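Quick caveat, the model's predicted, so the values are computed rather than measured.
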Amino acid sequence: MHKSQGNSQEHIGNRTVLAFDFGTKSIGVAVGQEITGTASPLSALKARDGIPDWSLIEKLYAEWLPHAVVVGLPLNMDGTEQEMTQRARKFANRLHGRFKVNVELCDERLTTTDAKAMLFELGGYKKLTKDKVDSVSACVIFTSWVENAYS
C-alpha cells in the first residue's frame with residue numbers, strides 16, 4: 001500500500017491556511033490551522049490601490065506552504081456586492097493564478113467590528129493600530145471560514 005501524493009483531500013481537517021483581509025491600502029494576513037480552528041495575525045501588507053508587493057506574498061507562501069487560502073469577501077450588510085467585492089475577487093483570482101493553491105472566498109461582514117472588539121479585550125485602544133486590525137480581521141475571516149466548513 002502506498003500513499004498518494006498531491007491529493008489535497010487527504011489533508012482536509014489538518015491544513016495550514018493563509019487568510020487575507022483585502023484592502024486598497026492594507027491587506028491583513030493571518031495563518032490558521034484547521035486542526036485547532038485558530039489563526040495568528042501576521043504583519044499586514046501595504047498595498048497601492050489594492051496592489052500588494054507580490055514578492056512579499058511569495059515569501060508568505062514559501063514560509064507557510066499553505067494547503068488553502070481564504071480571502072474575505074466584502075459585501076454590503078444586505079448581502080449585495082459593492083466595488084470592493086469585485087476587487088477582492090480579482091485579488092483572490094490573482095493569488096490562485098500565481099500560486100496554484102485553492103483559494104476560497106468567505107463573507108467578511110462584521111469582521112472588522114469583531115477584530116476591534118477582540119483587540120480591545122486584549123489591551124484596550126492602544127492595541128487598535130490599523131496594521132493589527134487588518135490582520136486580526138484576517139484571523140476572524142479564517143475563524144468564520146473554518147466554522148462554516150465544519151458546521
Side-chain angles (χ1 to χ4, degrees), residues 6-47 50-54 56-123 127-151:
N7 182 353
S8 64
Q9 294 299 317
E10 68 187 61
H11 297 293
I12 290 187
N14 193 22
R15 298 180 296 179
T16 297
V17 179
L18 280 177
F20 292 94
D21 179 27
F22 176 79
T24 56
K25 294 179 182 173
S26 176
I27 299 171
V29 187
V31 61
Q33 300 295 325
E34 276 183 319
I35 197 162
T36 61
T38 60
S40 300
L42 302 175
S43 293
L45 305 170
K46 289 190 186 323
I51 300 169
D53 179 341
W54 288 102
L56 294 177
I57 293 179
E58 194 172 313
K59 287 178 184 174
L60 287 170
Y61 273 75
E63 179 178 356
W64 294 103
L65 302 172
H67 298 96
V69 175
V70 178
V71 175
L73 190 63
L75 299 167
N76 292 318
M77 289 309 292
D78 65 2
T80 58
E81 296 197 1
Q82 54 180 292
E83 179 191 345
M84 285 298 286
T85 310
Q86 294 307 315
R87 295 184 78 169
R89 283 185 197 280
K90 188 175 181 180
F91 175 70
N93 289 337
R94 286 189 171 152
L95 287 171
H96 179 70
R98 282 177 182 258
F99 303 106
K100 309 300 184 220
V101 174
N102 182 42
V103 178
E104 296 185 32
L105 297 167
C106 178
D107 180 354
E108 69 166 41
R109 285 176 284 182
L110 301 178
T111 55
T112 301
T113 303
D114 290 348
K116 286 180 180 176
M118 282 174 57
L119 281 168
F120 186 72
E121 284 176 23
L122 294 172
K127 303 270 184 188
L128 294 180
T129 64
K130 178 73 172 133
D131 177 67
K132 288 188 175 122
V133 169
D134 289 339
S135 288
V136 172
S137 290
C139 289
V140 174
I141 288 166
F142 169 80
T143 302
S144 176
W145 173 81
V146 84
E147 285 173 356
N148 287 329
Y150 295 99
S151 60

Main-chain N/O of Val29 paired with Ser135 side-chain donor or acceptor, under 3.5 Å
yes
Can you give each donor-acceptor pair under 3.5 Å made by side-chain atoms of residues 57-65, sequence neighbours left out, with the distance rounded to 0.1 Å?
none

Provide the closest heavy-atom pair for Glu34 versus Trp145 in the form atom of the first, atom of the second, distance.
OE2-CH2, 3.6 Å
Return the minimal non-hydrogen interatomic distance between Ile27 and Gly50, and the atom names on each side.
CD1-O, 4.4 Å
Listed partners of Thr38 passing side chain to side chain donor-acceptor pair (under 3.5 Å), at least two apart
Thr36
Between Ser144 and Cys106, which heavy-atom pair has the shortest distance, and what is it?
OG-SG, 3.8 Å
With a 4.5 Å heavy-atom cut-off, do Leu95 and Val101 have their side chains touching?
no
Taken in chain and number order and not counting sequence neighbours, the residues that satisfy side chain to side chain donor-acceptor pair (under 3.5 Å) with Thr24 are none
Taking Cys139's backbone N and O only, do any of them form a donor-acceptor pair with Thr143's side chain (distance below 3.5 Å, no angle check)?
yes
Taking side chain to side chain contact (heavy atoms under 4.5 Å, CB included) as the definition, give me every residue that meets it alongside Thr85, ordered by chain and number, with sequence neighbours left out.
Leu73, Leu75, Glu81, Gln82, Arg89
Quick one: closest heavy-atom pair of Val71 and Ile141, and the distance?
C-CG2, 4.5 Å
Residue list, side chain to side chain donor-acceptor pair (under 3.5 Å) with Asn93, at least two apart or on another chain:
none
Determine whether Thr16 and Gln33 make a side-chain contact, defined as any pair of heavy atoms from C-beta on separated by less than 4.5 Å.
yes
Any donor and acceptor pair, going by atom type alone, linking the side chain of His67 with main-chain N or O of Val17 inside 3.5 Å?
no
Can you give me the closest heavy-atom contact between Ala19 and Phe142, atom names plus distance?
CB-CB, 3.9 Å
Partner residues of Arg94 under the side chain to side chain contact (heavy atoms under 4.5 Å, CB included) criterion, sequence neighbours left out:
Trp54, Lys90
Looking at every non-hydrogen atom in both residues, tell me the closest pair between Gly23 and Ala47 and how far apart they are.
O-CB, 4.0 Å
Rounded distance [0.5 Å steps], CD1 in Ile51 versus CG in Leu45:
14.0 Å
I need the Asn148 CG to Glu104 CD distance, nearest 0.5 Å.
10.5 Å
